[in-house]
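In what follows, a structure is listed as structure tokens, so that the remarks can point back to it.
Numbers restart at 1 for each chain; the letters A, B, ... are given by sequence-line order, proteins then strands.
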Amino acid sequence: YSTFQGNIKWPKTSLTYRIENYTPDMAVQDVDRALERALQVWAKVTPLRFTRIYSGTADIMISFGAGVHGDYYPFDGPDGTLAHAFAPSEGIGGDAHFDEDETFTSGSMGYNLFLVAAHEFGHSLGLSHSTDPGALMFPVYSYVDPDTFSLPQDDIKGIQFLYGPNPDVDGGNPDPNPGPTTPNACDPRLSLDAATTLRGEKILFKGSFFWRSFSQSSQVEQHRIKYFWPELPDNIDAAYESLESDRVYLFKGNQVWALFGYDIVQGYPKSITTLGLPRSVTKIDAAVYDEQSRKALFFTGNQIYSYDEATRKVDQGFPKSIKDVFPGIGNKVDAALQDRGFTYLFNGQYMMEYSYTRRALRVLYTNYFLGC
Amino acid sequence: SLPIALPSTAKNDEEVAEAYLKRFFNLTTPEGPIQRRRISPMTEKVREMQRFFGLKVTGTLDSDTMQMMNKPRCGVPDVAQ
């Protein structure tokens with residue numbers, strides 16, 4: 001997180017707000033509710049309390065305007081800049097302006113007013129932008145379900161640095177249930193949901209996020225899954241890159257999605273039964289394309305299936321027990337990928353490296369590819 | 001040297017990037033005689049923006065960087081003005 005220079009904040013905890021005008025995109029009561037809920041996001045974790053007034057000058061004046069709208073920062077039409085707000089101070093300080101050229105909604109279409117407002121009110125209270133891609137104060141908009149929204153831990157730390165915790169919760173002791181945290185690549189206990197290659201990159205999935213590891217550089221990027229692929233679910237089960245079809249397949253539950261490069265392939269998700277897997281397989285834990293055998297390997301429970309993409313059939317003699325095919329990895333596999341002839345299987349915080357003859361070569365940490 | 005005639009997309013990217021970096025990363029257009037500098041202010045600011053967003057730090061307007069610049073976002077600058 002970051003704060004403004006001098007850690008400027010309000011010298012009081014009771015603040016007023018006034019809604020000066022409305023967007024025609026939403027019903028008045030929906031705007032009222034979205035803005036009230038957005039302020040409560042911050043009240044819940046601090047001593048700050050907000051009172052609405054209907055005339056005169058409030059600490060936080062809220063308005064909708066397009067283009068040049070009365071300050072030195074004109075808006076830019078649809079998309080681009082969605083809104084802005086001013087750091088705490090007298091006058092324009094604390095005020096939040098929303099770009100009327102956007103389409104604001106209560107749902108996932110257009111831009112969700114609650115999410116945009118919760119971010120802007122973070123500025124109104126003294127937070128600047130965060131570099132954490134999972135933080136509310138990250139500058140780029142990404143949709144998350146407002147009904148399940150929970151203020152990320154990065155934002156809680158930032159606002160409590162300025163105002164302290166909510167004295168009405170647990171006597172002001174730090175919340176024992178911290179907000180959601182963005183997976184930390186350098187946590188030695190890191191485990192993965194899924195892993196795949198993608199045209200020379202490695203893509204490692206965890207929760208709502210993924211890392212992009214570039215083979216030719218040690219640098220690793222972390223993004224929200226929905227930043228690139230709004231159609232994909234969080235908490236992916238498995239993923240693999242098919243060298244037959246130049247597709248990446250991603251699995252969750254009994255569904256499969258497909259990517260062509262970084263583009264979602266239309267017509268997905270499909271049921272995994274379309275892959276020809278037995279109906280007894282209701283979920284895939286990990287998947288990898290084996291260049292040696294030119295088969296897709298699916299891991300489910302303590303078993304492994306070898307799958308021929310051309311005939312769309314499971315090979316004779318499968319399933320087999322994982323430990324008979326890849327000795328040493330144990331009875332389950334979280335994620336799998338193949339790179340330069342080596343197969344990497346992930347189980348919890350460890351990753352095992354196998355030669356193309358499937359001989360175990362090394363035991364490494366799961367975050368081996370994440371540049372720590 | 002004469003400025004090379006940038007292809008339209010590259011030129012457009014340059015314009016988009018310059019406006020973005022001025023607005024959010026405090027890129028300023030140097031006044032007075034152009035000082036000969038090892039790295040242009042624009043390249044420095046591209047690097048700063050890539051570091052902020054955890055992108056590969058290349059200093060160039062690669063597709064990932066342009067994609068990030070075109071994402072809908074908050075209008076408050078990312079660095080202190």
*asked:* More than 12 heavy atoms of other residues, nucleotides or ligands under 6.0 Å from OH of A:Y73: yes or no?
replied: no
*Considering only heavy atoms from C-beta outward, does the side chain of B:V76 approach that of A:F86 to under 4.5 Å?*
no
*For the candidates A:H84, A:H223, A:E221, which exhibits the highest count of non-hydrogen atom pairs separated by less than 4.5 Å from chain B?*
A:E221
_Could you check whether any side-chain heavy atom of B:R23 comes within less than 4.5 Å of a side-chain heavy atom of A:T81, counting everything from C-beta outward?_
yes
*Answer yes or no: is there a side-chain heavy-atom contact under 4.5 Å between B:K56 and A:F214?*
yes
_In terms of relative ring orientation, are B:F52 and A:F138 parallel, tilted or perpendicular, with 30° and 60° separating the classes?_
parallel
*Do the charged groups of A:R212 and B:D64 touch, with an N to O distance under 4.0 Å?*
yes
_Main-chain N/O of A:Y227 paired to B:K71 side chain as donor or acceptor, under 3.5 Å_ = yes
*Where does B:M69 contact chain A at under 4.5 Å (heavy atoms): side chain, backbone, both or neither?*
neither
*Under a 4.5 Å cut-off applied to non-hydrogen side-chain atoms, are B:P77 and A:H129 in contact?*
no
*With a 4.5 Å cut-off on heavy-atom pairs, point out which of A:E120, A:Q222, A:H97 contacts chain B the most.*
A:E120
*Side chains of B:M68 and A:V140 in contact at under 4.5 Å (non-hydrogen atoms)*: yes
*Go through the atoms of A:Y262 and report whether side chain, backbone, both or neither lie under 4.5 Å from a heavy atom of chain B.*
neither
*Are the side chains of B:P72 and A:Y111 in touch, meaning some heavy atoms are under 4.5 Å apart?*
yes
*Distance from A:L136 atom CG to B:C74 atom SG, nearest 0.5 Å?*
10.0 Å
_Contact class of A:S2 relative to chain B, heavy atoms under 4.5 angstrom_ = neither
*Got B:F53 and A:P139 here, is their nearest side-chain heavy-atom distance under 4.5 Å?*
yes
